[in-house]
Enquirer: 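This is the structure I have questions about; it appears just below.
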There are 2 protein chains.
Amino acid sequence: MSSTHRATDATGQPRRRGRPRAFDRETALRQAMEVFWERGYEGTRLTDLVQAMRMNPPSLYGAFGSKEKLFREAVEFYNSPDRSTTTLALERPGPVRDAVEALLRDNARAYVDPETPHGCLVVLSAISYSPESEGLRDLLRSLREQDRDRLRARLRAARADGGLPGSVDVDRLASFLMSVLFGLSIQARDGATLAELDGVVDITLASWDHLVDTARGG
Amino acid sequence: MSSTHRATDATGQPRRRGRPRAFDRETALRQAMEVFWERGYEGTRLTDLVQAMRMNPPSLYGAFGSKEKLFREAVEFYNSPDRSTTTLALERPGPVRDAVEALLRDNARAYVDPETPHGCLVVLSAISYSPESEGLRDLLRSLREQDRDRLRARLRAARADGGLPGSVDVDRLASFLMSVLFGLSIQARDGATLAELDGVVDITLASWDHLVDTARGG
DNA sequence: GTATATTTTTAATGTTCACTACAAAATTAA
DNA sequence: TTAATTTTGTAGTGAACATTAAAAATATAC
């Protein structure tokens, strides 16, 4: 046998010294995310978090730092590029209309997923706020603006390559689509069915088609 | 002179015995409403309320009962029929399109009124919630549903008297308009200007016109 | 084995929360 | 005047909040 060996974990990486964690960090983060998603940042108590994450406060603080840091990490997890419905829809190659339809319809479906709280965490979990959590409100607003900016960029790109007529007012159109999208979150949270949300998407897409037609001079 | 006289207040009604209130109840209620509007129910502390209302806690409790009762009264005040932009718009006589345009444009203007917090109190002040304030969340949801139902009724009435083609799907159309309206609240809260919101309204009304035209078989 | 490092559980900590007891103040009624 | 009534300001109350101190537990390193 060779010299002294080091302990390794399942992935072959050397394990840290000391007592090992009794929980999976990502699983716990997902559980925390769902609580924040349902109740919002200020409506969530530490008691709710430790119950959902099945651990005691010191473990939570050891792994995540504070309630606010945990929330920020939960938002990051929710909004990660490979998981964000909006990002995935807008990065989809092909006609811009397909991307916009995916933006609306995939989000609508996600908003009423029976496995998760209804509506979008980024829209719902820190809209009204006390001054202490103003930083979190700003974080979520910047993420909403990021989505809007990505939509604008996608529309501008389409206009540049002929997928959209040059006379289309991209910023106005993006604001309109974001309004509908934000509204879907409220309605999903209020108990709307997928059929209802899809009905809204149908009208929105009909509106898109007509607007593009008109701008083409149809 | 006649027999013993009773004290009367400015409106001629007999004044109550005891030390008179040092504040105007409706003014205080309006001040409380603005705090709730800005910060939401759970984000508002009693300290914030008594500061804004310029009184001490016992006066607040004597006049309004509790934080929750004060919130309910503030919502009632905000949403009173003679003050609710939505109710006023939908009760407006004349073409249904004018009512819908007023619904969107008057609300958009109110949402960015520099004199008040931006967006709609009914949409923003209790969206995410801890179980203790679930009753308030339900109250606001029922008010949102009430507005949607009033819109549906107005559209149905228009369809009945020929103002809308019979083939229009009233419920779907109402959901679409409510989605846009809810979305305007989010965007107003995020700092959108009246011009941006009016742009969204322009597209929505163009969509309305096209939808009605199509249903007419145009 | 012993030392070191990290997480665990238990049990607190100080702060902030909505709310209130109490007595002084201000009014009407007789 | 005196009694009755109501609101006021001061100064609390207990409960719930996010956070942490301390020591036992569990792992690696040597």
Side-chain angles (χ1 to χ4, degrees), chain A residues 1-10 12-25 27-28 32 35-36 39-72 74 130-133 135-136, chain B residues 1-10 12-25 27-28 32 35-36 39-72 74 130-133 135-136:
Chain A
M1 291 288 273
S2 69
S3 64
T4 58
H5 59 281
R6 294 179 179 278
T8 58
D9 69 2
Q13 288 169 334
R15 243 181 298 174
R16 299 169 67 201
R17 276 223 281 194
R19 182 170 176 171
R21 282 225 173 94
F23 60 91
D24 177 66
R25 200 177 183 283
T27 303
V35 179
F36 283 130
R39 309 193 173 177
Y41 176 72
E42 293 190 329
T44 299
R45 296 158 304 192
L46 218 68
T47 318
D48 303 325
L49 290 168
V50 298
Q51 267 175 21
M53 301 163 86
R54 267 175 262 165
M55 63 181 66
N56 302 100
S59 298
L60 188 157
Y61 281 83
F64 300 102
S66 70
K67 184 189 170 189
E68 175 169 346
K69 283 180 185 159
L70 175 56
F71 180 74
R72 288 179 182 275
S130 58
E132 289 99 51
S133 41
L136 299 179
Chain B
M1 291 290 273
S2 69
S3 65
T4 60
H5 58 284
R6 294 178 179 278
T8 58
D9 69 2
Q13 289 168 337
R15 246 181 295 175
R16 299 170 66 204
R17 275 226 279 194
R19 183 171 175 169
R21 281 227 173 91
F23 59 91
D24 178 63
R25 200 176 182 284
T27 303
V35 180
F36 282 131
R39 309 193 172 178
Y41 177 72
E42 294 190 329
T44 299
R45 296 158 306 194
L46 218 64
T47 317
D48 304 323
L49 290 168
V50 298
Q51 266 175 23
M53 301 163 85
R54 266 175 264 165
M55 63 181 67
N56 299 54
S59 298
L60 189 158
Y61 281 83
F64 299 103
S66 71
K67 183 190 171 190
E68 175 169 344
K69 282 181 186 158
L70 175 57
F71 180 75
R72 289 179 181 275
S130 59
E132 289 99 50
S133 43
L136 298 179

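Being a predicted model, the structure only gives us computed values, none of them experimental. The chains referred to below are lettered A, B, ... by the order of the sequence lines, with proteins before strands, and numbering in each begins at 1.
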Enquirer: What pair of heavy atoms forms the shortest contact from A:Gly43 to B:Ser130, and how long is it?
Expert: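 Closest heavy-atom pair between A:Gly43 and B:Ser130: O-CB, 3.0 Å.
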Enquirer: Could you report the tightest heavy-atom contact between A:Met55 and A:Ala28, atom names first, then the distance?
Expert: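 The answer is CE-CB, 3.8 Å.
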Enquirer: Atom CD of A:Glu132 and atom P of C:dT16: how far apart are they, to the nearest Å?
Expert: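 After rounding, the gap between these two atoms is 9 Å.
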Enquirer: Quickly work out the B:Asp48 CG to C:dC19 C1' distance and round it to whole Å.
Expert: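 After rounding, the reported distance stands at 16 Å.
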Enquirer: Side-chain N or O of B:Arg17 less than 4.0 angstrom from OP1 or OP2 on C:dA29?
Expert: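 No, no such contact exists.
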Enquirer: Rounded to whole angstrom units, what separation is found between the CZ atom of A:Arg45 and the P atom of D:dT19?
Expert: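 The distance from CZ of A:Arg45 to P of D:dT19 comes to 15 Å, rounded to the nearest Å.
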Enquirer: Answer yes or no on whether A:Lys67 is positioned over the face of A:Phe36, meaning its NZ or CZ is under 6.0 Å from the six-membered ring centre and within 45° of the axis.
Expert: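 Verdict for A:Phe36: no cation-pi partner in A:Lys67.
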Enquirer: Does the side chain of A:Arg16 get closer than 4.0 angstrom to OP1 or OP2 of C:dT7 through an N or O atom?
Expert: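 Yes, because at least one side-chain N or O of A:Arg16 sits under 4.0 Å from OP1 or OP2 of C:dT7.
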Enquirer: Starting at CD of B:Gln51 and ending at P of C:dC17, how long is that distance when rounded to a whole Å?
Expert: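 The answer, rounded to whole Å, is 11 Å.
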Enquirer: Would you mind classifying the nucleic acid contact of A:Thr44 as base, sugar-phosphate or nothing, using non-hydrogen atoms under 4.0 angstrom?
Expert: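 Sugar-phosphate, backbone atoms only, no base.
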Enquirer: Roughly how far, to the nearest 0.5 Å, is the CZ atom of B:Phe71 from the CD atom of B:Glu42?
Expert: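 Result: 10.0 Å between the selected atoms.
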Enquirer: What protein N or O atoms touch nucleotides 9-15 of chain D N or O atoms at under 3.5 angstrom, if any, and at what distances?
Expert:
from, atom 1, to, atom 2, distance (Å)
D:dG9, OP2, B:Asn56, OD1, 2.9

Enquirer: Between P on C:dC17 and CD on B:Glu42, what's the gap in Å once rounded to a whole number?
Expert: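 Going from CD in B:Glu42 over to P in C:dC17 covers 13 Å.
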Enquirer: When you measure from every atom of DNA chain C, which of residues 60-72 of chain A have a heavy atom less than 4.0 Å away?
Expert: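 None - not one residue of the stretch has a heavy atom sitting under 4.0 Å from the strand.
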Enquirer: What is the distance from CG of B:Leu49 to P of C:dT16, rounded to the nearest Å?
Expert: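 In whole Å, C:dT16 P lies 18 Å from B:Leu49 CG.
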Enquirer: Does A:Arg45 pair with B:Glu132 as a salt bridge, N-O distance under 4.0 Å?
Expert: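 Looking at A:Arg45 and B:Glu132, the cut-off is met.
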Enquirer: In the structure I gave you, are the side-chain heavy atoms of B:Pro131 and A:Arg39 within less than 4.5 Å of one another anywhere?
Expert: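 They are in side-chain contact.
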Enquirer: Is atom CZ of A:Arg54 surrounded by more than 12 heavy atoms (other residues, nucleotides or ligands) closer than 6.0 Å?
Expert: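 Open: at most 12 neighbouring heavy atoms sit under 6.0 Å from CZ of A:Arg54.
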